[in-house]
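Report on the following structure.
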2 protein chains.
Amino acid sequence: MADGTTGGENLLFLTDEQLRKGIEAMFFAYRGFTADPDRILADMSYGRAHHRALHFINRSRGTTVNNLLAVLGVTKQSLNRVLRTLIEDGLVESRVGREDRRERHLYLTAEGAELERQLSEAQRARMRAAYRAAGPQAVAGFRQVLEAMMDDSIRSHYTALKDGRP
Amino acid sequence: MADGTTGGENLLFLTDEQLRKGIEAMFFAYRGFTADPDRILADMSYGRAHHRALHFINRSRGTTVNNLLAVLGVTKQSLNRVLRTLIEDGLVESRVGREDRRERHLYLTAEGAELERQLSEAQRARMRAAYRAAGPQAVAGFRQVLEAMMDDSIRSHYTALKDGRP
DNA sequence: CGTCTTAAGTCAGCCTTGTTGACTTTCCAA
DNA sequence: TTGGAAAGTCAACAAGGCTGACTTAAGACG
């Protein structure tokens, strides 16, 4: 139909203008999303990559390096550089697998858990304020759109974590 | 109250669990968000920074370097490196200001506009699919949460662009 | 047992994109 | 006429991606 509707359903939210606003919103919001942890990390000799590693090791205690690689979507060499410093600094512990001794299982130490808690609390504080300002219905929509935006290959990692599956 | 409600209003959406899901959704979704333009850019000798510059020059034709700096949130030196290659390659034109001749006003050339169109169409396609899958109400919530997540100092740039203000 | 594969780690080198700091040129405005 | 803002440039550095090549250890399997 010429008026932008189909069978009574309004599709105005799919115009290029609307999409552009969503794109710009993603760009600016992501800056805010990372701003607070980045400020904390800047004082130490760590960066965003260390935060991500700490986050997912905390979320999936005892995860293997290979699994972490898949979740983070980076190369082994890239992750290894980050992981090595975290292990050397005593924030992460790497244990040889009991069933398959080729694997290394990763755990946060008490110190690592403390930094992770500090970083994620800063990030949650902003998210909490945004959620509160927008309300529960908006939050549901927010999560729906984000989930639909993920690559198919990535979404399974997200839903597994979301539902607390191993 | 001990059951997570306050005056009848359910605040379950503000639990740390819910916030964590939102944080992980942002992380994975942003990867999808940038994936398609990144693939196109990988073939050329350009990166994500070039895409961002092209996008905002297109959105605010004739913008000054200083304004672009504020919107992108990077240093002059960082932007300059990107801008120089775009100008050298004939994708962006830099015109001396007519009123204030210290300023440079930035415009896309026909070639620059063509690349910008290609990149943003790839990005819009994914956004369109996500919007369509989630529906108009979810999209409204998505935008509300993102806007609330931005830094205060950044939100004005977003709303100015959103409403088409100069 | 021997071979193949997988998991992990490492070394070297490259690129993009961010940063600081110092400096120049241009030119508006007080 | 002079101060300061806008723009641009050079140098140096760091984080964090990447590829390629290679080693070590150990499970899998014919």
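Every chain is numbered from 1 and lettered A, B, ... according to where its sequence line falls, protein lines coming before strand lines.
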Does the salt bridge (Lys or Arg N to Asp or Glu O under 4.0 Å) test come out yes or no for B:D38 and B:R48, once each step is laid out? CA-CA 6 Å; B:D38 280 359; B:R48 208 176 284 179; 2.6 Å; yes

Is there a side-chain contact between A:N66 and the phosphate of C:dT6, meaning an N or O under 4.0 Å from OP1 or OP2? no

Are A:V96 and A:L83 connected in a single hydrophobic cluster, I mean Ile/Leu/Val/Met/Phe/Trp/Tyr linked by side-chain heavy atoms less than 4.5 Å apart? no

What's the CG-P distance between A:L41 and C:dT19, to the nearest Å? 16 Å

Do A:T159 side-chain atoms and A:R155 backbone N/O form a donor-acceptor pair below 3.5 Å? yes

Is it true that atom CD of B:Q77 has more than 12 heavy atoms of other residues, nucleotides or ligands lying nearer than 6.0 Å? yes

Evaluation steps, side-chain hydrogen bond (donor to acceptor under 3.5 Å, both in side chains), between B:E24 and A:H55: CA-CA 9 Å; B:E24 288 170 355; A:H55 176 96; 2.8 Å; yes

In this structure, how many angstroms lie between the C1' atom of C:dT19 and the CZ atom of A:R39, rounded? 16 Å

Write down the distance between CG (B:N67) and C1' (D:dA5), rounded to a whole number of angstrom. 16 Å

Contacting residues from residues 74-84 of chain A, given that a heavy atom lies under 4.0 angstrom of DNA chain C: A:K76, A:Q77, A:N80, A:R84

By a strict heavy-atom criterion of less than 4.0 Å, which residues belonging to residues 94-105 of chain B are in contact with DNA chain C? B:D100, B:R101, B:R102

Rounded distance (Å) that lies between atom C1' of D:dA15 and atom CG of A:L86: 14 Å

Would you say A:H50 places a side-chain N or O within less than 4.0 Å of OP1 or OP2 belonging to D:dA15? no

Would you mind reading off the distance between A:R48 atom CZ and D:dA14 atom C1', rounded to a whole angstrom? 14 Å

Any donor-acceptor pair under 3.5 Å linking the side-chain atoms of A:N67 with those of A:T63? yes

Side chains of B:H105 and B:T64: is there a donor and an acceptor less than 3.5 Å apart? no

Among B:R124, B:R126, B:Q123, which residue meets the side chain to side chain contact (heavy atoms under 4.5 Å, CB included) test with A:L19? B:R124

Spacing of A:L69 atom CG relative to C:dA8 atom P, expressed in whole Å: 8 Å

Return the value, rounded to whole Å, for the distance between atom CD1 of A:I87 and atom P of C:dA8. 12 Å

Taking the six-membered ring for Trp, are B:F27 and A:Y30 ring centroids under 6.0 Å apart? no

Rounded to whole Å, OH of A:Y46 lies from P of D:dG16 at a distance of 11 Å

